[in-house]
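For clarity, every value in this text was computed on a predicted model and none was experimentally measured.
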Amino acid sequence: MNIELLPEIQNIKKYKKKWNFLPVYTEISSWIWTPINCLENLISENVNYPFLFESLDSASNTSRYTIIWFNPRKTFLFQDEKTCLVKDYKFDKEEKIIYKNPFDILKEETKKFKSIKNDNLPPLTSGLIWYMWYDNIESLYKISKHKNIDQNYPYWFFWLYKDFVIFDNFKQWKIQIISNIFLNDNINQIEFESKRKKVEINIRNILKIISKHSKNTPLILSWNKKNVEMNIKSNLSDTQYRNILNELKRDLTDGDVFQTVISETYSFDLWNISKSKNISWIDVYKWLRHINPASYMFYFNFKDFELIWSVPETFVRINWSKVLTRPLAWTRWVWKTLQDFKRLKHELQNNPKEKAEHTMLIDLIRNDLSKNCEPWSIKVTKKMYIKKYNHLIHIVSNVVWKIAKWKDYFDIFSWIFPHWNVTWAPKIKAMKLISKYEITNRGIYSWAIGYFWFNGNADFAVIIRTIIKKWNILYNQVWSGIVIDFVAEDEIKEHKNKNKSFIEILNLLYYNYHLENDEF
């Protein structure tokens, strides 16, 4: 197949004066390839760290771009509070860095790159993908973490990607295959043409991989009547949770906190579904996007473990110096008719307790942001509107502000971590109580996942509604916000309600993968 490489560059001198990270790409059009097919084909070829990101606000509302990253140029694995392992894939070398503040390493790394802006490409064509786990509060806030490690993952993980496959969902499913060229200061025209030739070979190889026919059989979207929930384990029994709430009641009564959040982890052994078939984790992602579409949909393969997210909540979005956070709180669950929806919407918008708690959440955000933004720049541009998804509705507000001139986006993250909605207020005391009362560590849950672009922009979602697969075990974590007038049985019920999507996925897995003679 003939391909055309863009942009057409006659002279490299004018580019390297301003930029040193150049996305080179080709465009193709196809009605038969889908992002999931391409992802499956890339994984079958053992590419490094494949990562898919898309947005599905509802089954009929898809964002413009679906992006698949893979083959990072560098990875930064923060193994503990002191050591970062940096792997450079280009030169096939590793080095260990001793650090005090992980943001210092990232600041130094991002300073090295300046990426060209191309109006024919999506906003993100280069940058760092990043996740961080909640238990970093030990180093950031000097709060002791759990001794009971239920889920053990790298503290932080950053990937500097060079290869992308991007689906333009609004332009006849146009596909762009991108591979970045690093332009060092001494590069000349001959060296550039040589790099460009290597990029062309790389893009051709990517095209060859993604154009393979998917061998996966169609998924049956039907429901099995067996009770999968009986096989789900929890790190917190109902009795233990009631005891924790009784202890927490004293802290709330004494005024130590206004509200805090207690989480529970559910786990399920896939061996209970199939003892011989290899269950595709991509299939789990397919079902999650069908059952619970959201503003942020992720699939990530870490080699040792895999993650899928279906997250409605924006943690922070930075567009040049302007910043948006979108607090989302308080939920009503599945409705059957338009009348049900209208009733639930009216209930949410007129419930004094939930309106007061959402107002408190906005105030928490404004208080944290005031230390890193331009004075008087904080505005609530849209307050307490209703956001509807397939299975539930939320109260949402938009808070915008402008970064102070002496700050950057790393300063923003280091100050506002973790998200207000997963700790509550006062934040430090709430986190101390979380460490005291939660049975095991939170791990990845309740921090954030997203990207930093080299032009200074960023977009991160809160890590909730996340399913983790490690070895053959699936994990799903849920939480509820505890205030002084809580009702214990309602909080227990909320945990079980929030685990419903997980149960639905397990039912679908069972229906598609269990052997005929298996006893479930």
> Using only atom types and a distance under 3.5 Å, with no angle test, would you say the side chain of Lys498 pairs donor to acceptor with the backbone of Trp479?
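Flag set: sc Lys498 to bb Trp479 pair under 3.5 Å.
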
> Checking side-chain contact (heavy atoms from CB on, under 4.5 Å) for the pair Arg442/Thr265: CA distance, chi angles, key distance, verdict?
CA-CA 9 Å; Arg442 285 193 175 183; Thr265 302; over 6 Å; no

> Using 0.5 Å steps for rounding, measure from the CD atom of Glu27 to the CG atom of Asn120.
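With rounding to 0.5 Å, CD (Glu27) is 6.5 Å from CG (Asn120).
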
> Any side-chain heavy-atom pair from Trp287 and Leu509 closer than 4.5 angstrom?
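Heavy-atom side-chain distance check passes, below 4.5 Å.
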
> Does any part of the side chain of Ile467, heavy atoms only, come nearer than 4.5 Å to the side chain of Trp281, both counted from C-beta?
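The answer is yes; the side chains approach within 4.5 Å.
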
> Identify the heavy atoms of Thr466 and Ile463 that sit nearest to each other, and give their distance.
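Closest approach of Thr466 to Ile463: OG1-CG2, 3.2 Å.
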
> Output yes when Lys286 and Glu40 qualify as a salt bridge under the 4.0 Å nitrogen-oxygen rule, no when they do not.
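Here Lys286 pairs with Glu40 in a salt bridge, since their nearest N and O are under 4.0 Å apart.
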
> Taking C-beta and beyond as the side chain, do Leu474 and Asn476 meet within less than 4.5 Å on heavy atoms?
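They are not in side-chain contact.
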
> If you count heavy atoms of other groups shown closer than 6.0 angstrom to CD1 of Ile98, is the number above 12?
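Correct, the count exceeds 12.
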
> Does a donor on one side chain and an acceptor on the other come within less than 3.5 Å for Tyr299 and Glu306?
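Result is yes, a qualifying pair exists.
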
> Under 6.0 Å between the ring centres of Tyr99 and Phe78?
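Yes, they do, as the ring centres are separated by less than 6.0 Å.
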
> If you draw the axis of the six-membered ring of Trp159, does the NZ or CZ of Lys74 fall within 45° of it and under 6.0 Å from the ring centre?
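Because its charged atom misses either the 6.0 Å distance or the 45° angle limit, Lys74 does not stack over Trp159.
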
> Report yes or no: does Thr325 contribute a side-chain atom to a donor-acceptor pair with the main-chain N or O of Phe315 at less than 3.5 Å?
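Indeed, once roles are kept as given, a pair shorter than 3.5 Å links the two residues.
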
> Which of these, Tyr451, Phe53, Trp69, sits in a ring pair (Phe, Tyr, Trp, His ring centres under 6.0 Å) with Phe298?
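That would be Phe53.
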
> Given the rule in the side chain to side chain donor-acceptor pair (under 3.5 Å) test, do Tyr49 and Asn71 qualify, once you have shown the distances and angles that lead to the verdict?
CA-CA 6 Å; Tyr49 299 111; Asn71 289 338; over 6 Å; no

> With rounding to the nearest 0.5 angstrom, report the OG to CG distance, Ser267 to Asn235.
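CG of Asn235 is found 8.0 Å from OG of Ser267.
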
> Any side-chain heavy atom of Val284 within less than 4.5 Å of one from Lys469?
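Heavy-atom side-chain distance check fails, nothing below 4.5 Å.
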
> Assess whether a salt bridge exists between Glu200 and Arg196, defined as any Lys/Arg side-chain N lying under 4.0 Å from an Asp/Glu carboxylate O.
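Salt bridge flag = no for Arg196 with Glu200.
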
> So, Ser310 versus Tyr296: side-chain donor-acceptor pair below 3.5 Å or not?
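There is no such pair (donor and acceptor under 3.5 Å, judged by atom type) between the side chains of Ser310 and Tyr296.
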
> With rounding to the nearest 0.5 angstrom, report the OG1 to CD distance, Thr66 to Glu54.
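Here the interatomic distance stands at 4.5 Å.
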
> Run the numbers on Lys87 and Glu95 for salt bridge (charged side-chain N to carboxylate O under 4.0 Å, His left out), then give the verdict.
CA-CA 7 Å; Lys87 186 167 184 177; Glu95 64 173 325; over 6 Å; no

> Taking the six-membered ring for Trp, is the centroid-to-centroid distance between Phe300 and Phe302 below 6.0 Å?
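So the answer is yes for these two rings.
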
> Could you check whether any side-chain heavy atom of Asp168 comes within less than 4.5 Å of a side-chain heavy atom of Tyr65, counting everything from C-beta outward?
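Asp168 reaches Tyr65 side chain to side chain.
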
> Do Val316 and Val323 have side chains that approach each other closer than 4.5 Å (heavy atoms only, starting at C-beta)?
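SC-SC contact between Val316 and Val323 confirmed.
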
> Do any N or O atoms from the side chain of Gln176 and from the backbone of Val165 form a donor-acceptor pair under 3.5 angstrom?
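No, Gln176 side chain to Val165 backbone: no donor-acceptor pair under 3.5 Å.
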
> Give the intermediate values and the outcome of side chain to side chain donor-acceptor pair (under 3.5 Å) for residues Asp163 and Asn202.
CA-CA 9 Å; Asp163 293 336; Asn202 187 41; 3.1 Å; yes

> Using the side-chain contact (heavy atoms from CB on, under 4.5 Å) criterion, which residues pair with Lys82? Sequence neighbours excluded.
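If we apply the side-chain contact (heavy atoms from CB on, under 4.5 Å) test to Lys82, skipping adjacent residues, the hits are Asp80.
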
> Evaluate the side-chain proximity of Leu160 to Phe158: yes if any heavy-atom separation is below 4.5 Å, no if none is.
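Of all side-chain heavy-atom pairs linking Leu160 with Phe158, none is under 4.5 Å.
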
> Determine the minimum heavy-atom distance between Trp19 and Leu183, stating which atoms define it.
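Reported closest heavy-atom pair: O-CD1, 4.0 Å.
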
> Minimum heavy-atom separation for Pro418 to Ser446, with atom names?
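Closest approach of Pro418 to Ser446, heavy atoms only: CB-O, 4.5 Å.
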
> What's the spacing between Asp104 CG and Cys84 SG if we round to 0.5 Å?
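SG of Cys84 is found 12.0 Å from CG of Asp104.
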
> Go through Thr75 and Leu77 one step at a time and tell me if the side-chain contact (heavy atoms from CB on, under 4.5 Å) criterion holds.
CA-CA 6 Å; Thr75 58; Leu77 192 159; 5.7 Å; no

> Taking the six-membered ring of Phe460 (Phe, Tyr or Trp), confirm whether the NZ or CZ of Arg317 is under 6.0 Å from its centre and within 45° of its axis.
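Pair Arg317/Phe460 does not count as cation-pi.
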
> Verify, without hydrogens or angle tests, whether Asn421 (side chain) and Leu328 (backbone) share a donor-acceptor contact under 3.5 angstrom.
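Such a contact is found between Asn421 side chain and Leu328 backbone.
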
> Quick one: closest heavy-atom pair of Ile68 and Cys38, and the distance?
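Closest approach of Ile68 to Cys38: CD1-CB, 4.1 Å.
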
> Check the pair Tyr161 / Phe51 against side-chain contact (heavy atoms from CB on, under 4.5 Å), numbers first and verdict last.
CA-CA 10 Å; Tyr161 280 97; Phe51 187 114; 3.9 Å; yes

> State, to 0.1 Å, how close Ser211 and Trp33 come at their nearest heavy-atom pair, and which atoms those are.
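Between these two residues, the closest heavy atoms are CB-CZ2, 3.0 Å.
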
> Quick check against the 3.5 Å criterion: does Glu45 have a side-chain atom that pairs as donor or acceptor with the backbone of Leu42?
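Side chain of Glu45 to backbone of Leu42: no pair is present.
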
> Rounded to the nearest 0.5 Å, what separation is found between the CG atom of Asn472 and the CH2 atom of Trp271?
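Here the rounded value is 8.0 Å.
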
> Checking side chain to side chain donor-acceptor pair (under 3.5 Å) for the pair Gln477/Ser263: CA distance, chi angles, key distance, verdict?
CA-CA 7 Å; Gln477 201 158 346; Ser263 69; 3.1 Å; yes

> Give a yes or no on whether a salt bridge exists between Glu313 and Arg326, defined as a side-chain N under 4.0 angstrom from a carboxylate O.
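No salt bridge links Glu313 with Arg326.
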
> Pairing donors with acceptors under 3.5 angstrom, does anything connect the side chains of Asn41 and Ser44?
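No, because no side-chain N or O of Asn41 sits under 3.5 Å from a partner of the opposite role on Ser44.
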
> Just by modelled atom types, is the Lys322 backbone N or O under 3.5 Å from a matching donor or acceptor in the Asn319 side chain?
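Side chain of Asn319 to backbone of Lys322: no pair is present.
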
> Around Asp92, counting heavy atoms of other residues, nucleotides and ligands shown, do more than 12 lie under 6.0 Å from its CG?
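Count not over threshold, so no.
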
> Could you check Thr110 against Leu128 for side-chain contact (heavy atoms from CB on, under 4.5 Å), going step by step and ending with a plain yes or no?
CA-CA 8 Å; Thr110 53; Leu128 287 166; 3.5 Å; yes

> Determine the minimum heavy-atom distance between Phe167 and Ile175, stating which atoms define it.
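Heavy-atom minimum between the residues: CE2-CD1, 3.5 Å.
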
> Is the shortest side-chain heavy-atom distance between Asn499 and Glu264 below 4.5 Å?
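SC-SC contact between Asn499 and Glu264 ruled out.
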
> Answer yes or no on whether Lys195 is positioned over the face of Phe192, meaning its NZ or CZ is under 6.0 Å from the six-membered ring centre and within 45° of the axis.
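No, Lys195 does not lie over the aromatic ring of Phe192.
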
> What distance separates Ile67 CD1 from Phe164 CZ, expressed to the nearest 0.5 Å?
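The CZ atom of Phe164 is 7.5 Å from CD1 of Ile67, to the nearest 0.5 Å.
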
